[in-house]
Engineer: 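I'd like to ask you about the structure that follows.
Chain letters run A, B, ... following the sequence lines, proteins first and then strands; every chain starts at 1.
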2 protein chains.
Amino acid sequence: MEPEKQQRIWDAVLREFAAKGYRDASTNRIVEDAGIGKGMLFYYFKNKAELFRSALVYCLDYIEEEYVRRLDFSEPDFIVRFSKAVEAKMAAYLRNPLPFTFLASFHINREAVEIAPDLYSRLQEMGNKGMQALFADVDVSLFRDDVAPEHILNIIRWVMDGWSQDIIAHLEREALLDYDWESTTKKLYELFAVLRKVLYKEVQNGDSKGQ
Amino acid sequence: MEPEKQQRIWDAVLREFAAKGYRDASTNRIVEDAGIGKGMLFYYFKNKAELFRSALVYCLDYIEEEYVRRLDFSEPDFIVRFSKAVEAKMAAYLRNPLPFTFLASFHINREAVEIAPDLYSRLQEMGNKGMQALFADVDVSLFRDDVAPEHILNIIRWVMDGWSQDIIAHLEREALLDYDWESTTKKLYELFAVLRKVLYKEVQNGDSKGQ
DNA sequence: GGGTCTCTTGACCACTCTGGTCGAATTGTG
DNA sequence: CACAATTCGACCAGAGTGGTCAAGAGACCC
């Protein structure tokens, strides 16, 4: 099948499941949105449940390939490490946001877990491993001494999360194309400099570490 | 009508609308969940749209009364001001979370706006006014000089938001009753002390300002 | 008791939408 | 042409929809 049509179908499937969850998703709306006949969907997927499972596998593979595999946990500086992770996630999200929104809705909604308990645990395991790796072997000696490292880690995490949530909220209002990415990344590196200034030890030499 | 039954009905209505949105909400499920006959719902509300509007008014009034009205914007210290706001919101949320979740879903979902455009703008206005008041006339002279005040305000906001999101995430997993509130508030004040230490000017006398 | 009122019920209605089927049409390939 | 792989959408039985309404239930007054 032409990959362009395939993509249209996946888009429609993920959009519908993400918006409505498993039970309330409508195969009629999916085929209409994808611009294909009803029979075609059930020619390639034997029923709704299998379609849902296939969509989950598609998304898990996509995110594994396009996001998780590209993470680099060797960096000891937590701000650099975390910011790379945020950037990688943002990049993958902007390339195709649907797998993220679909998996997010799957993670929240209780109902669909029984359709695919194995894939649900695969998702959970992915999240847990990522979180563990993200916080493992951080060079806490960079942090200032008069605050517990746990607090510093939390603050950095919360600030980064808040920042990206602000960005996404903006993106949903403004058009994606004419968004000013240059000034956004510039502001992000400003933010890193601030975090480093307030949460890290004072550096001896003057130049900042931000790339 | 007995207030206990009234509460049961509102709970069912808000739960259903919050979970499914206007279009996909089912009046059948509402009456079943509330434990009343179908006719009763349409005896007090002439149709689904009016029920939805009444639920919105109920929630807006609730939040106005139980949360917004109790905010205090006279405090010049931003951490104290914001923390009071967070505490007030948390308290109101824990007393009855449904109005918050219902209004949140209404704010996100595009579909129901046309049913109640006036109430949608009332909600937006409430949010905007709150945000404006929250950031107005903050005593920035408390902040350290070597970081732009805008950054400091953002960091405090993101940290508080992240903190409360963590709490809510915990609450959804653990039971609400046997949650250790004492250690939670203790940790919160620790967090304030940290924020003050890293984002404010050094204080002359040693004791912290946290109440 | 009877009369009248408010409150409450759930069977019932016409209608829409559901997941899924299937015979027929179309297309690609040789 | 034949043969197979695709693609379509009309069609199905069944579930669920918002809303109605005749029939009570219970309270209060005369």
Engineer: Restricting both atoms to N or O, compile the protein contacts to nucleotides 6-10 of chain C shorter than 3.5 Å, with distance only.
Structural biologist:
residue: dC7(C); atom: OP2; partner: Tyr43(B); partner atom: OH; Å: 3.1
residue: dT8(C); atom: OP2; partner: Tyr44(B); partner atom: OH; Å: 3.2
residue: dT9(C); atom: OP2; partner: Gly37(B); partner atom: N; Å: 2.8
residue: dG10(C); atom: N7; partner: Lys38(B); partner atom: N; Å: 3.4
residue: dG10(C); atom: O6; partner: Gly39(B); partner atom: N; Å: 3.1

Engineer: Between Arg196(B) and Asp77(B), is a salt bridge (charged side-chain N to carboxylate O under 4.0 Å, His left out) present by the stated rule, with each step listed?
Structural biologist: CA-CA 10 Å; Arg196(B) 203 166 264 120; Asp77(B) 185 329; 3.3 Å; yes
Engineer: Return the residues of residues 46-59 of chain B meeting this criterion: a heavy atom under 4.0 Å from some atom of DNA chain D. Order them by number, or give none.
Structural biologist: Asn47(B), Lys48(B)
Engineer: Using distance only, find each side-chain donor-acceptor pair of residues 93-100 of chain B under 3.5 Å and give its atom names and separation, not counting sequence neighbours.
Structural biologist:
residue: Arg95(B); atom: NH1; partner: Glu66(B); partner atom: OE1; Å: 2.3
residue: Asn96(B); atom: OD1; partner: Leu98(B); partner atom: N; Å: 3.4

Engineer: Could you summarise the pairing of DNA chain D as dot-bracket text, marking Watson-Crick and G-U pairs under 3.5 Å with ( ) or [ ] inside the strand and | across strands?
Structural biologist: ||||||||||||||||||||||||||||||
Engineer: In terms of ring plane angle, is the pair Phe143(A) and Tyr200(A) parallel, tilted or perpendicular, where the classes change at 30° and 60°?
Structural biologist: tilted
Engineer: Can you say whether the rings of Phe78(A) and Phe135(A) are parallel (under 30°), tilted (30 to 60°) or perpendicular (over 60°)?
Structural biologist: tilted
Engineer: Scan residues 124-140 of chain B for pairs that pass side-chain hydrogen bond (donor to acceptor under 3.5 Å, both in side chains), counting only residues two or more places apart or in two chains.
Structural biologist: Asp139(B)-Ser141(B)
Engineer: Kindly indicate, with the supporting measurements, whether the criterion side-chain contact (heavy atoms from CB on, under 4.5 Å) is fulfilled by Val68(A) and Met126(A).
Structural biologist: CA-CA 8 Å; Val68(A) 177; Met126(A) 203 163 90; 4.2 Å; yes
Engineer: With a sphere of 6.0 Å drawn around CD of Glu32(B), does it hold more than 12 non-hydrogen atoms of other residues, nucleotides or ligands?
Structural biologist: no
Engineer: With a strict under 4.0 Å distance from non-hydrogen atoms of chain B, what nucleotide opens and what nucleotide closes the contacted stretch of DNA chain D, reading 5' to 3'?
Structural biologist: dT17(D) to dC21(D)
Engineer: Test of understanding: with ring pair (Phe, Tyr, Trp, His ring centres under 6.0 Å), list the residues that count as partners of Tyr22(B), not counting sequence neighbours.
Structural biologist: Phe52(B)
Engineer: What residues form a ring pair (Phe, Tyr, Trp, His ring centres under 6.0 Å) with Phe192(B), not counting sequence neighbours?
Structural biologist: Tyr189(B)
Engineer: Could you give all pairs that pass the side-chain hydrogen bond (donor to acceptor under 3.5 Å, both in side chains) test and reach residues 38-54 of chain B, with sequence neighbours left out?
Structural biologist: Asn28(B)-Lys38(B), Arg53(B)-Asp118(B)
Engineer: Under 4.0 Å: is that the gap between some side-chain N or O of Asn28(A) and OP1 or OP2 of dC17(C)?
Structural biologist: no
Engineer: Could you list the residues that satisfy side chain to side chain donor-acceptor pair (under 3.5 Å) with Trp158(A), not counting sequence neighbours?
Structural biologist: Asp166(B)
Engineer: Does anything in residues 98-114 of chain A form a side-chain hydrogen bond (donor to acceptor under 3.5 Å, both in side chains)? List the pairs, not counting sequence neighbours.
Structural biologist: none
Engineer: Where along residues 20-27 of chain A does a heavy atom come under 4.0 Å from DNA chain C, residue by residue in number order?
Structural biologist: Ala25(A), Ser26(A), Thr27(A)
Engineer: Quick one: do Asp33(B) and Arg15(B) make a salt bridge, cutoff under 4.0 Å?
Structural biologist: yes
Engineer: Just how far is it from atom CG of Leu134(A) to atom CE of Met131(A), taken to the nearest 0.5 Å?
Structural biologist: 6.5 Å
Engineer: Check the pair Asp24(A), Lys20(B) against salt bridge (charged side-chain N to carboxylate O under 4.0 Å, His left out), reporting the backbone distance first and the verdict last.
Structural biologist: CA-CA 9 Å; Asp24(A) 292 344; Lys20(B) 303 278 189 168; 2.7 Å; yes
